[in-house]
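Below is one structure, written out as structure tokens; comments come after it.
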There are 2 protein chains.
Amino acid sequence: MDARLQDLRYFIAVAEELSFTRAASDRLFISQPALSKQIRQLETCLWVTLFDRDRRTVTLTAAGAALLPRARRIIELWEQARQETAEASATEQAILTVGFQTRIGRGLIPAVTDRLAEDLPNWRLLFRQVPWSDPSIGLAKGEVDVAITWLPLPRDTGLSWRVIATEQRWVALPPGHRLARRNAIPFADLVDEPFIALPASAGPLREFWLAAADRPRPATVAAEAETAEETLEAVAAGLGMALLPAGNVEIYQRDDVVYRPVHGLSPGELGVAWRGPDRRDAVRVFVNSCIGCFCGPD
Amino acid sequence: MDARLQDLRYFIAVAEELSFTRAASDRLFISQPALSKQIRQLETCLWVTLFDRDRRTVTLTAAGAALLPRARRIIELWEQARQETAEASATEQAILTVGFQTRIGRGLIPAVTDRLAEDLPNWRLLFRQVPWSDPSIGLAKGEVDVAITWLPLPRDTGLSWRVIATEQRWVALPPGHRLARRNAIPFADLVDEPFIALPASAGPLREFWLAAADRPRPATVAAEAETAEETLEAVAAGLGMALLPAGNVEIYQRDDVVYRPVHGLSPGELGVAWRGPDRRDAVRVFVNSCIGCFCGPD
DNA sequence: GGGCATCCATAACCGCAGGCTATAAGAACT
DNA sequence: AGTTCTTATAGCCTGCGGTTATGGATGCCC
């Protein structure tokens, strides 16, 4: 059972005032019993108690403290959604949703934004992060219109793609690792090391970032991670190492992980993908912009 | 008037199926008229039409396309909030909300997270970005418990702080600018250039990043920006230049902006701030962790 | 072209949720 | 002990979110 957005506002008001009476009369302009009832209902809907009421004072429980910042964020996003929806309605602006998994960087976003401002003046880009567990990067479910992703994509899913950049693969190591003293590492020296892998649900990308094709025997998978941050956290903790594209080294710079180039591996290919049957102009222009960014002026 | 979260689910279902009948019977298990009525109500609540119904087919309007990804995000956050609230309730985990304005970087987050895992095992950190327009970084309104911010803070607002790092100020320029050929630039050479400023509502930080104290006459403000990305966008577009701390150069690397050190300016101070009267252990430990990260092992 | 199927809108109806007022009950302070 | 402040409970009513039944427009098929 879902709550109403209003209930979240009620909750926030009580959490900030730490008083049902004051929140009800001063901020929400409803009666105190009504507010008590709604909060109680929110609590039963979430199966937790949000406030400790000891007859005189009200305090947040751990659950309440956990919900508060998230409730604020949801309300904030809702306000934003209302506003931008009204705006889109007024200007008839269309939205192209771009999926990505790890941070893109490489100056791609501003460059593409600029190009699209010329070619598709009333389209706006909206970026949406998709977990590795969706190998179609949200394209299959229609959550995004186009996606920036590392190849390969799963086959026979009706997805089309073009390569927009090619980069050597590097490896992420904990700073104390013996191999971290080397400037560059042949992949042969890594085949017996434990690796942090993408989840199995990530499809062919899991094999690619384990470099399964270049191994004499299956990789030792020390842990699986759902996000890039999780992966690096695991690397920093010394659980294992992980491959990543050269361009991400700069993006994910941190002082508890070091990065070294690996040779003897085929490079990684960054691509732009879309649903094959989707022949909209905006999609075509977006794809061409992505390609032009790297194959053009450089 | 607020919608219910359920209405957003209804909207998403119709937007994905592009059919009221199918969405109602196959996915939502309600009657089609009920669904039509709810969508209509959502439309009147937002003052826009979300779907074009031409008697036979249903298509998204521009407003609908704008709302769709945002509605998905809100639902996603809600699911997450439910889950993490339940989790916090089960483990009695407490939450310390950390406010920030620009990206923090510098390895601070993982380092502090590690230290807190030892000293406060059942506290978790939650990060929350706050716009420049709030000079108290959300502390005043209670939106955050502690904040990582550049100094100075506004005076007489009951905020306490400690310095955790000191960095030279650099300047961001468009790559074609005549000063971009220099390796380092005396601030005296910049006083007559147009600058991108923080909004007036940002309080004393606006003056600090304009280096108002080091100018013989008031700065020329070419534009105001609400976020770091907006600032760099304006710099890339050639509207003006902007100062930033040395450590942010790496974080905000992009190929349409170049960064150069500036000499003749006092350095910027990165601080950790909290509400003076807030004497909770967790706050004290967090503050000490931040300080220790830079003044400790390095 | 007429009949049929499909799909959305409208109408009429019903039960419960969300609001109200009035009041009870516990805690702290005088 | 009495006063005051605060939350909880009880009972009531309106309106909203659901239902079924039906109408009207469009496309398809024979």
Side-chain angles (χ1 to χ4, degrees), chain A residues 1-61 63-65 67-68 71 75 78, chain B residues 1-61 63-65 67-68 71 74-75 78 82:
Chain A
M1 184 75 80
D2 275 337
R4 305 171 309 159
L5 285 160
Q6 220 185 89
D7 295 331
L8 295 183
R9 287 190 205 276
Y10 287 3
F11 166 72
I12 294 170
V14 176
E16 287 180 355
E17 299 285 338
L18 288 180
S19 156
F20 284 74
T21 314
R22 259 177 305 152
S25 63
D26 296 359
R27 289 186 49 171
L28 303 172
F29 308 106
I30 61 172
S31 70
Q32 167 264 315
L35 179 57
S36 290
K37 201 156 79 172
Q38 291 313 313
I39 295 289
R40 223 168 252 297
Q41 175 170 319
L42 182 61
E43 287 179 324
T44 61
C45 147
L46 291 169
W47 290 91
V48 299
T49 67
L50 297 169
F51 295 102
D52 282 328
R53 302 93 152 155
D54 56 358
R55 284 295 180 199
R56 187 86 190 152
T57 60
V58 175
T59 55
L60 275 174
T61 62
L67 179 59
L68 180 56
I75 292 296
W78 167 240
Chain B
M1 185 74 78
D2 275 335
R4 303 171 312 159
L5 285 160
Q6 223 188 92
D7 295 331
L8 295 183
R9 287 189 206 277
Y10 287 2
F11 166 71
I12 294 171
V14 176
E16 286 180 355
E17 299 286 338
L18 289 180
S19 154
F20 284 74
T21 314
R22 257 178 306 150
S25 62
D26 296 358
R27 289 186 48 170
L28 303 172
F29 309 106
I30 60 174
S31 68
Q32 166 264 315
L35 181 56
S36 290
K37 201 154 79 172
Q38 292 312 313
I39 295 290
R40 221 167 255 297
Q41 175 170 320
L42 182 60
E43 288 179 325
T44 61
C45 147
L46 291 169
W47 290 91
V48 300
T49 66
L50 297 169
F51 295 103
D52 282 327
R53 300 97 151 153
D54 56 357
R55 283 296 179 196
R56 189 88 190 148
T57 61
V58 176
T59 54
L60 275 173
T61 62
L67 180 59
L68 180 56
I74 289 173
I75 292 296
W78 168 240
R82 297 180 66 142

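So that the names make sense, note that chain A is the first sequence line, chain B the second, and so on, each numbered from 1. These numbers come from the heavy atoms of this one structure, side chains and all, not from hydrogens, waters or symmetry mates.
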**Report entry** N/O donor-acceptor pair under 3.5 Å between Thr61(A) side chain and Asp52(A) backbone
**Finding:** no
Report task. Grab the CZ-C1' distance between Phe51(B) and dA9(C) for me, whole Å please. Result -> 16 Å
Report task. Using a heavy-atom cut-off of under 4.0 Å over every strand shown, decide if Ser19(B) touches base, sugar-phosphate, or nothing. Result -> sugar-phosphate
Query raised in the report: Whole Å only: how far is the CG atom of Leu28(A) from the C1' atom of dG19(C)?
Result: 13 Å
**Report entry** Side-chain ion pair, Glu16(B) and Arg9(B), N-O less than 4.0 Å
**Finding:** no
Report task. Kindly indicate, with the supporting measurements, whether the criterion salt bridge (Lys or Arg N to Asp or Glu O under 4.0 Å) is fulfilled by Glu43(B) and Lys37(B). Result -> CA-CA 10 Å; Glu43(B) 288 179 325; Lys37(B) 201 154 79 172; over 6 Å; no
**Report entry** side-chain N/O Arg53(A) vs dT6(D) OP1/OP2, d < 4.0 Å
**Finding:** no
I'd like a table of atom pairs between the protein and nucleotides 15-17 of chain D - only N or O on both sides, under 3.5 Å - with the distance next to each one.
unit_1  : atom_1 : unit_2   : atom_2 : d
dG17(D) : OP2    : Gln41(B) : OE1    : 2.8
dG17(D) : OP2    : Gln41(B) : NE2    : 3.2

Requested in this report: Would you indicate, yes or no, if dT7(D) has its OP1 or OP2 atom less than 4.0 angstrom from a side-chain nitrogen or oxygen of Ser36(A)?
Outcome: no
Report task. Check every atom of dC8(C), dT7(D), dC20(C) against the side chain of Gln32(B) and return the nucleotide holding the closest atom. Result -> dC8(C)
Query raised in the report: Rounded to the nearest Å, what distance is computed from the CG atom of residue Leu35(A) to the P atom of nucleotide dA17(C)?
Result: 18 Å
Query raised in the report: Ring centroid separation for Phe51(B) and Phe11(B), is it under 6.0 angstrom?
Result: yes
Report task. Say whether, by atom type as modelled, one donor and one acceptor occur between the side chain of Arg53(A) and the main chain of Val58(A) under 3.5 angstrom. Result -> no
Requested in this report: In whole angstrom, give the distance that lies between atom CZ of Phe20(B) and atom P of dA25(D).
Outcome: 18 Å
Report summary line: Note: for Ala34(B) and Thr21(A) on DNA chain D, the residue whose nearest nucleotide lies more 5' is Thr21(A)
**Report entry** Check against side-chain contact (heavy atoms from CB on, under 4.5 Å), Leu5(A) and Arg4(B)
**Finding:** CA-CA 5 Å; Leu5(A) 285 160; Arg4(B) 303 171 312 159; over 6 Å; no
